[in-house]
**Q** 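Please find one structure pasted underneath; my questions will follow.
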Amino acid sequence: MIGLTRWNPFEEMFDLRCEIDDVFHRAFGEAGQPALRTTATWAPACESFVRDGKLVLRYELPGVEAKDVDIQVTGNTLTIKGERK
């Protein structure tokens, strides 16, 4: 005997909403966790690779002088701050 399941279009919409929420949570953080981007209005291009067992990060920061860049590492979090003038 084959069972029938009643189709509910709202269930598909709910599933889509859950998938979209998941994308936003991965991109911007979930409740109780820090977001990847909190106040950034511009995200620079980044290149990363391992050389001689060390992680190397290269950021394109056009219009930002090296002396105006603040780099901090706290635990597993890298913070790079700068200002384009």
**Q** Which residues pass the salt bridge (charged side-chain N to carboxylate O under 4.0 Å, His left out) test with Arg17, sequence neighbours left out?
**A** Asp21
**Q** Which residue pairs satisfy the side-chain hydrogen bond (donor to acceptor under 3.5 Å, both in side chains) criterion with at least one member in residues 63-74, sequence neighbours excluded?
**A**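 Residue pairs with at least one partner in residues 63-74: Asp70-Gln72.
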**Q** State the SG-CG distance between Cys46 and Leu61, to the nearest 0.5 angstrom.
**A**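 Interatomic distance, Cys46 SG to Leu61 CG, rounded to 0.5 Å: 9.5 Å.
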**Q** For the hydrophobic clusters of this structure (ILVMFWY residues joined by side-chain heavy atoms under 4.5 Å, transitively), does one cluster hold both Tyr59 and Val56?
**A**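 As far as the 4.5 Å side-chain criterion goes, Val56 and Tyr59 are not connected within one cluster.
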**Q** Can you get from Leu55 to Val69 by hopping between Ile, Leu, Val, Met, Phe, Trp and Tyr side chains that sit under 4.5 Å apart?
**A**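 Yes, Leu55 and Val69 fall within the same hydrophobic cluster.
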**Q** For Leu78 and Ile71: C-alpha separation, side-chain torsions, deciding distance, then whether side-chain contact (heavy atoms from CB on, under 4.5 Å) applies.
**A** CA-CA 7 Å; Leu78 170 67; Ile71 301 171; 3.9 Å; yes
